[in-house]
Amino acid sequence: MEEMRLAVVGAAGRMGRMLIRTIAETEGCRLSGAFERSGSDAVGADAGVLAGLPALGVAIGEDPARAIEGAEAVLDFTAPAATRALAVLCAERGIAHIVGTTGLAAEDLAALRKAAESCVVVQSGNMSLGVNLLASLVRRAAAALGPDFDVEIVEMHHRHKVDAPSGTALLLGEAAAAGREVSLVDTAVRSRDGHVGARREGDIGFATLRGGSVVGDHTVIFAGPGERIEMRHVAEDRALFARGAVTAALWSRGRDPGFHSMADVLGLG
Ligand SMILES: NC(=O)C1=CN([C@@H]2O[C@H](COP(=O)(O)OP(=O)(O)OC[C@H]3O[C@@H](n4cnc5c(N)ncnc54)[C@H](OP(=O)(O)O)[C@@H]3O)[C@@H](O)[C@H]2O)C=CC1
Ligand SMILES: O=C(O)C1=N[C@H](C(=O)O)C[C@H](O)C1
């Protein structure tokens with residue numbers, strides 16, 4: 001079968017460069033296009049060279065429509081505004097949209113679900129196997145432990161991260177809420193500061209740490225009467241996320257339009 005053609009958005013970013021390297025080393029796919037924000041220093045550079053590889057013959061563009069022309073899937077780890085604009089472009093062309101961008105608001109997710117009527121959308125706050133397996137374990141633990149066990153989610157990321165809580169922390173929070181059969185919107189306490197009062201039963205709390213070069217640490221704590229369970233995932237390398245995104249792109253080939261999570265891709269759904 002012909003290699004699958006993949007385009008990378010936000011190509012000069014931490015994940016963009018990692019995606020270019022991962023595509024180059026993965027059998028069955030090749031980079032067909034890459035673009036960056038208009039005015040970026042990376043525009044015009046060879047995508048391979050930008051990612052620390054030999055030249056790939058794909059120049060970084062600044063016109064999204066041209067960059068995704070001919071692609072079968074677009075890998076998108078950028079920012080919410082860029083993801084929303086791409087959702088429309090991918091839907092119009094029936095191109096699979098693999099979304100790793102975090103910090104998405106409810107309206108952004110609604111736009112992705114709308115786009116999924118016309119193309120495959122795979123969206124996840126974390127594309128790694130480990131985190132998606134952890135989420136299914138958290139769901140089971142939350143269902144088994146019940147309200148005597150308070151759920152707190154602690155995450156730490158590098159100093160450059162702009163959104164909080166992390167997409168992964170929210171994904172794990174959703175898993176805990178699903179296990180308890182409650183809505184995360186109704187139970188989440190996303191930060192605490194000052195005289196906030198005692199913890200309400202059923203709250204799902206989040207705490208955010210930022211610093212240094214931490215790739216991504218997440219701990220889900222179930223704190224009960226006299227005992228505590230901590231479930232932890234440590235990401236040591238961004239390649240994890242890039243490999244997950246490329247796996248999702250390959251999985252999307254030939255599928256009907258629809259909205260999917262990484263758990264669907266990995267068979268953990
Ligand atoms: N789901 C997952 O598994 C993972 C998700 N992420 C998420 O991916 C996103 C990116 O992370 P990271 O790579 O570290 O961030 P970076 O800031 O390094 O990269 C983002 C890139 O996207 C570019 N960009 C932003 N807006 C646009 C636009 N409108 N058009 C084209 N390019 C644009 C940025 O350009 P500029 O610098 O000019 O703004 C930048 O080059 C974050 O939301 C992060 O949380 C990260 C890792 C794993
Ligand atoms: O911004 C990052 O770096 C990461 N973002 C994702 C998140 O918000 O959870 C995934 C990973 O933890 C790295």
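Position 1 is the first residue of the sequence, and the numbers go up from there. Indexing begins at 1, ligand by ligand and atom by atom, following the structure's order. Note that these values count all heavy atoms, side chains included, but never hydrogens, waters or copies made by symmetry.
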Practice task
Provide, to 0.1 Å, the distance between atom 19 (O) of ligand 1 and the closest protein heavy atom, together with that atom's residue and name.
Solution key: Gly13 CA, 3.3 Å

Exercise for the section: Give the atoms of ligand 1, by number and element, whose distance to some non-hydrogen atom of Met15 is under 4.0 Å. Expected result: 13 (O), 46 (C), 47 (C)

Exercise for the section: For His218, counting its heavy atoms only, list the atoms of ligand 2 lying under 4.0 Å from any of them. Expected result: 12 (O)

Fill in the blank from the handout: Closest non-hydrogen contact found for Ala59 with Gly44 is CB-O, 4.2 Å

Exercise for the section: Do me a favour and list the nearest non-hydrogen protein atom to atom 3 (O) of ligand 1 with residue, atom name and distance? Expected result: Met127 N, 2.9 Å

Practice task
Between Glu36 and ligand 1, find which residue part has any heavy-atom pair under 4.0 Å and reply side chain, backbone, both or neither.
Solution key: both

Exercise for the section: Take atom CG of Asp186 as the centre, draw a 6.0 Å sphere, and report whether it contains more than 12 heavy atoms from other residues, nucleotides or ligands. Expected result: yes

Exercise for the section: Flag yes if more than 12 heavy atoms outside Arg199 fall under 6.0 Å of its CZ atom; otherwise flag no. Expected result: yes

Practice task
Starting from atom 4 (C) of ligand 1, find the nearest protein heavy-atom neighbour and note its residue, name and distance.
Solution key: Phe77 CE2, 3.4 Å

Exercise for the section: Count the heavy atoms of every other residue, nucleotide or ligand shown that sit under 6.0 Å from CZ of Arg21, and state whether that count exceeds 12. Expected result: yes

Handout entry: Within-cut-off N or O pair, Ser124 and ligand 1, under 3.5 Å
Key = yes

Exercise for the section: With rounding to the nearest 0.5 Å, note down the distance linking CE in Met262 to CE in Met127. Expected result: 6.0 Å

Fill in the blank from the handout: Among non-hydrogen protein atoms, atom 3 (O) of ligand 2 lies closest to His158 NE2, 2.8 Å

Problem - Minimum non-hydrogen distance to atom 7 (C) of ligand 2, winning option of Gly100, Gly167, Gly103 - result: Gly167

Handout entry: Gap separating the CZ atom of Arg210 from the CE atom of Met156, nearest 0.5 angstrom
Key = 9.0 Å

Practice task
Starting from atom 6 (C) of ligand 2, locate the nearest protein heavy atom and write down its residue, its atom name and how far away it is, to 0.1 Å.
Solution key: Gly125 O, 3.6 Å

Practice task
Could you tell me which non-hydrogen atom of Ala87 sits nearest to which non-hydrogen atom of Ala115, and how far apart they are?
Solution key: O-CB, 3.6 Å

Handout entry: Nitrogen or oxygen of Thr102 less than 3.5 angstrom from that of ligand 1
Key = yes

Exercise for the section: Could you pull out the closest heavy-atom pair between Cys90 and Ala96, with the gap in Å? Expected result: SG-O, 4.5 Å

Handout entry: Min heavy-atom dist Gly125 to ligand 1 below 4.0 Å
Key = yes

Handout entry: Main-chain N/O of Leu50 paired to Arg17 side chain as donor or acceptor, under 3.5 Å
Key = yes

Problem - Proximal atoms of ligand 1 relative to Gly100 (non-hydrogen, under 4.0 Å) - result: 1 (N), 2 (C), 4 (C), 5 (C), 6 (N), 7 (C), 8 (O)

Fill in the blank from the handout: Heavy-atom nearest pair, Met4 first then Leu250, reads SD-CA, 3.8 Å

Exercise for the section: Return yes when at least one protein heavy atom is under 4.0 Å from atom 29 (N) of ligand 1, and no when none is. Expected result: yes

Practice task
Quick one: pull up CG in Asn132 and OG in Ser261 and give me the separation to the nearest 0.5 Å.
Solution key: 7.0 Å

Practice task
Enumerate the atoms of ligand 1 whose separation from the nearest heavy atom of Phe35 is less than 4.0 angstrom.
Solution key: 30 (N), 31 (C)

Handout entry: Gap separating the CG atom of Leu172 from the CZ atom of Phe206, nearest 0.5 angstrom
Key = 8.0 Å

Practice task
Have a look at ligand 2 and work out which part of His157, if any, has a heavy atom under 4.0 Å from it: side chain, backbone, both or neither.
Solution key: side chain

Practice task
Please report which non-hydrogen protein atom sits nearest to atom 36 (P) of ligand 1, along with the residue it belongs to and the distance in Å to one decimal place.
Solution key: Arg37 NE, 3.6 Å

Problem - More than 12 heavy atoms of other groups within 6.0 Å of Arg228 CZ - result: no

Exercise for the section: Answer with side chain, backbone, both or neither: which part of Met15 has a heavy atom less than 4.0 angstrom from an atom of ligand 2? Expected result: neither

Practice task
Using a strict cut-off of 4.0 Å, indicate which atoms of ligand 1 neighbour a heavy atom of Thr78.
Solution key: 9 (C), 10 (C), 22 (O), 42 (C), 43 (O)

Handout entry: Any donor-acceptor N/O pair, Asp217 side chain to Val234 backbone, under 3.5 Å
Key = no

Problem - Within-cut-off N or O pair, Gly16 and ligand 1, under 3.5 Å - result: no

Problem - Test item, Met262 contacting ligand 1 (heavy atom, 4.0 angstrom) - result: no

Exercise for the section: Provide the closest heavy-atom pair for Arg93 versus Leu89 in the form atom of the first, atom of the second, distance. Expected result: NH1-O, 3.1 Å

Practice task
Look only at the side chain of Glu36 and the backbone of Ala12, and say whether a donor-acceptor pair between them is shorter than 3.5 Å.
Solution key: yes

Practice task
Taking only heavy atoms of Lys161 into account, list the atoms of ligand 1 that are under 4.0 Å away from them.
Solution key: 45 (O)

Practice task
May I ask you to identify, for Ala81, whether its side chain, its backbone, both or neither come under 4.0 Å of ligand 1 on a heavy-atom basis?
Solution key: neither

Problem - Sub-3.5 Å N/O-N/O distance, Lys161 and ligand 2 - result: yes

Problem - Closest approach of any protein heavy atom to atom 18 (O) of ligand 1, naming residue and atom - result: Arg14 N, 2.8 Å

Practice task
Provide the number and element of each atom of ligand 2 under 4.0 Å from a heavy atom of Ser166.
Solution key: 7 (C), 8 (O), 9 (O)

Handout entry: Region of Val215 engaging ligand 2 - heavy atom pairs below 4.0 Å
Key = backbone

Practice task
Measure Glu155 to ligand 2 on non-hydrogen atoms and call it side chain, backbone, both or neither using the 4.0 Å cut-off.
Solution key: neither

Exercise for the section: Please indicate whether Arg113 has more than 12 foreign heavy atoms, meaning atoms of other residues, nucleotides or ligands, lying under 6.0 Å from its CZ. Expected result: no

Completion exercise
In short, Leu129 meets Leu266 closest at the heavy-atom pair CA-CD1, 3.8 Å

Exercise for the section: Indicate yes or no: does an N/O atom of Thr168 lie under 3.5 Å from an N/O atom of ligand 2? Expected result: yes

Handout entry: Heavy atom of the protein closest to atom 27 (C) of ligand 1 (residue, atom name, distance)
Key = Ala82 CB, 3.7 Å

Practice task
Could you tell me whether some N/O pair between Gly216 and ligand 2 is separated by less than 3.5 angstrom?
Solution key: no

Exercise for the section: For His160 and ligand 2, answer yes if some heavy atom of the residue is under 4.0 Å from a ligand atom, otherwise no. Expected result: no

